[in-house]
Amino acid sequence: MNNWSATQVDAANYCKRRYYLRYVLHEPDEYLSVFLRGTVLHDLVENFWKKLGKKYDNSESFAEHGRKQFWRNVIVAEKGERKVSWRFEGERYEFQRSIERTCLNFFSTAIEEGPPIFSELGFNVSLGNRSFKGRIDEIRRIGDKIVIRDYKSGFPLIDYVKSHKDMQLALYNAALNALIMYNSSISDKLGFSSEERKILKERGSYINPDFEMQFFMFGALDDRKRERQQVIYPSNRKESDFSTLLQMIKSTEQAVLSGNVVPEWGRKCADCGVKYACIKRAEAEALLPNVDQKGQMMFEFASPKVVQKTKQEVKLEQKMAAKQQTRLRLRRSLKVKDSQELF
């Protein structure tokens, strides 16, 4: 468990039980509809500049391209073994319209910002006696500031804790900081001089507080509502954030090794791909002693440990019980006789 991917970090931070089922027991993930939508939107962003002028050249043609990309993914999924789990009838058509609206607004935003320096930048680094790997959605340089951006296809509104304390962004910050120090090709493209890299190494920190971390919320571009929601949530990370990340990983490893990974059911389970596997396993793990195999309550305040006995052991116990009962009757008769003799 010393090798952690960015998705494993996100899963463990979200729910240790999810991490345990997915990465330790290797329970199959249900292909939720929100996963498919997120995959389509991330592919559209990743390949936006590669296909600009070839597949589309304005917001309307980009929206049409997004619609075709969505249905292409749906058809591939429906023909494969891993079927999409739709939440309600007609959800696919609702997602199609949502992706079209999102593409219409994203096109103008992307053209205004210009292309990033890196898109889907992979990393494999050693930090804090552990190895981490993953991909950063996008890296930009805006003026003298490095911007690390993570695209999110979920709910457009997020709170302060999510935007400023998310552990996956802390990992991206530390990973890029390490890449800049030890990978000259990446540091050169980001505009870091050899002297600046030397200063970073001498500082000896995992986190670079000067990096700006961003969540880009696709849902805010789906302008069905009159009020425009916030699209980009900027924040920074501190050295203590990476320390918290390492502590979270350690506590997850300890929970897994001790077998103390209990369900944490709640609203967060709605978009979890292993929720049904979690319920099924929990029912097998937690058969209460006062519930029989048919699920009927036996109304016992406490149930002793059940021990299987052989027929010989049962007969011996019955024989001993009969002897004990005989002794009790003899004692009673002797007491009665003694009392009669007194009078």
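Residue indices begin at 1 and follow the sequence shown.
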Study note, to complete from the structure: Output for pair (Ile136 CD1, Glu120 CD), nearest 0.5 Å, gives 10.0 Å
Review point. Quick one: do the Asn58 and Ser61 side chains pair a donor with an acceptor below 3.5 Å?
Key: yes
Check your understanding: Using 30° and 60° as the class limits, which term best fits the ring planes of Phe218 and Phe216: parallel, tilted or perpendicular?
Key -> perpendicular
Review point. Using 4.0 Å as the upper bound for N to carboxylate O, is an ion pair formed by Glu27 and Arg281?
Key: yes
Check your understanding: Between the main-chain N or O of Ala270 and the side-chain N or O of Lys275, is there a donor-acceptor pair closer than 3.5 Å?
Key -> yes
Which atom pairs, donor and acceptor, lie under 3.5 Å between side-chain atoms of residues 71-81 and protein residues at least two apart or in another chain?
from  : atom 1 : to    : atom 2 : distance (Å)
Trp71 : NE1    : Gln96 : OE1    : 2.9
Arg72 : NH1    : Gln69 : OE1    : 2.9
Asn73 : OD1    : Gln69 : NE2    : 3.3

Check your understanding: Linking I/L/V/M/F/W/Y whenever any side-chain heavy atoms sit under 4.5 Å apart, do Val34 and Tyr276 land together?
Key -> no
Review point. If you take all heavy atoms of Cys103 and Gly66, which pair is closest and at what distance?
Key: SG-CA, 4.1 Å
Check your understanding: Is a side-chain donor-acceptor pair under 3.5 Å present for Ser119 with Glu46?
Key -> no
Check your understanding: Can you list the steps and then say if His26 with Arg22 is a side chain to side chain contact (heavy atoms under 4.5 Å, CB included)?
Key -> CA-CA 5 Å; His26 303 291; Arg22 182 181 292 171; over 6 Å; no
Practice item. Test Arg237 against Ser235 for side chain to side chain donor-acceptor pair (under 3.5 Å), laying out the working first. Key: CA-CA 7 Å; Arg237 290 296 182 273; Ser235 64; 2.9 Å; yes
Exercise for review: Please list all pairs passing the salt bridge (Lys or Arg N to Asp or Glu O under 4.0 Å) test where one or both residues lie in residues 139-158, with sequence neighbours left out.
Suggested key: Glu113-Arg140, Glu113-Arg149, Glu138-Arg140, Glu138-Arg149, Lys145-Glu212, Asp150-Lys152
Exercise for review: Would you give the length of the straight line joining atom CG of Asn177 to atom CZ of Arg197, rounded to the nearest 0.5 angstrom?
Suggested key: 11.5 Å
Check your understanding: Do Ile148 and Ile117 share a hydrophobic cluster, counting only Ile, Leu, Val, Met, Phe, Trp and Tyr and linking them when any side-chain heavy atoms are less than 4.5 Å apart?
Key -> yes
Check your understanding: At what distance, to the nearest 0.5 angstrom, does OG of Ser240 lie from CD1 of Ile207?
Key -> 9.0 Å
Check your understanding: For Lys268, does the NZ atom sit with more than 12 other heavy atoms under 6.0 Å from it, leaving out its own atoms?
Key -> yes
Review point. Is it the case that more than 12 heavy atoms not belonging to Tyr160 sit under 6.0 Å from its OH atom?
Key: no
Review point. Is the backbone of Ile199 close enough, under 3.5 Å, to the side chain of Glu202 for a donor and an acceptor to pair up by distance?
Key: no
Review point. Can you check whether Asn236's main-chain N or O pairs, donor with acceptor, with His164's side chain at less than 3.5 Å?
Key: no
Practice item. Please find out if less than 6.0 Å separates the ring center of Trp4 from that of Tyr19. Key: yes
Check your understanding: Once you round to the nearest 0.5 Å, how far does CE of Met217 lie from OH of Tyr233?
Key -> 6.5 Å
Exercise for review: With side chain to side chain contact (heavy atoms under 4.5 Å, CB included) as the test, would you mind laying out the steps for Arg130 and Glu253 before giving the verdict?
Suggested key: CA-CA 12 Å; Arg130 283 180 171 80; Glu253 292 172 343; 2.5 Å; yes
Review point. Can you check side chain to side chain donor-acceptor pair (under 3.5 Å) on Asp222 and Ser98, steps first, answer last?
Key: CA-CA 6 Å; Asp222 184 356; Ser98 175; 2.9 Å; yes
Check your understanding: If you draw a 6.0 Å radius around NZ in Lys280, do more than 12 non-hydrogen atoms from other residues or ligands fall strictly inside?
Key -> no
Exercise for review: Pick out which of Leu171, Asn124, Thr7 makes a side-chain contact (heavy atoms from CB on, under 4.5 Å) with Lys133.
Suggested key: Asn124
Practice item. For the residue pair Asn183 and Ser185, confirm or rule out a side-chain donor-acceptor distance under 3.5 Å. Key: yes
Review point. Out of curiosity, Phe192 CZ to Ser187 OG, how far, rounded to the nearest 0.5 Å?
Key: 8.5 Å
Review point. Any idea how Phe123 and Tyr172 line up, ring-wise: parallel (<30°), tilted (30 to 60°), or perpendicular (>60°)?
Key: perpendicular
Review point. What's the verdict on side chain to side chain contact (heavy atoms under 4.5 Å, CB included) for Phe62 and Phe106, showing C-alpha distance, side-chain angles and the deciding distance?
Key: CA-CA 9 Å; Phe62 182 57; Phe106 178 80; 3.9 Å; yes
Practice item. Kindly indicate, with the supporting measurements, whether the criterion side chain to side chain contact (heavy atoms under 4.5 Å, CB included) is fulfilled by Cys278 and Trp265. Key: CA-CA 9 Å; Cys278 183; Trp265 291 322; 3.4 Å; yes
Review point. Between Phe70 and Phe95, what is the ring plane arrangement, given parallel below 30°, perpendicular above 60°, and tilted in between?
Key: perpendicular
Revision key, fill the gap. When every non-hydrogen atom of Trp49 is compared with those of Ala110, the smallest separation belongs to CZ2-O, 3.3 Å
Review point. Are Val147 and Ile180 co-members of a hydrophobic cluster defined by side-chain heavy atoms under 4.5 Å apart?
Key: no
Review point. Does NZ in Lys189 sit with more than 12 non-hydrogen atoms of other residues, nucleotides or ligands closer than 6.0 Å?
Key: no
Review point. Between the side chain of Arg17 and the main-chain N/O of Glu264, is any donor-acceptor distance below 3.5 Å?
Key: no
Check your understanding: Are Tyr182 and Phe118 connected, step by step, through hydrophobic side chains (Ile, Leu, Val, Met, Phe, Trp, Tyr) whose heavy atoms are closer than 4.5 Å?
Key -> yes
Review point. Quick one: does Asp241's side chain get under 4.5 Å of Leu169's, heavy atoms only?
Key: no
Check your understanding: Should Tyr20 and Lys16 count as side-chain neighbours, where that means a heavy-atom distance under 4.5 Å?
Key -> no
Check your understanding: Do the rings of Tyr206 and Phe242 sit parallel, tilted or perpendicular, given the 30° and 60° boundaries?
Key -> tilted
Check your understanding: Going only through I, L, V, M, F, W and Y residues with side-chain contacts under 4.5 Å, is there a path from Leu25 to Val256?
Key -> yes
Point to revise | Student check: side-chain heavy atoms of Thr109 and Val231 closer than 4.5 Å | key: no
Check your understanding: Out of curiosity, Asn105 CG to Leu221 CG, how far, rounded to the nearest 0.5 Å?
Key -> 5.5 Å
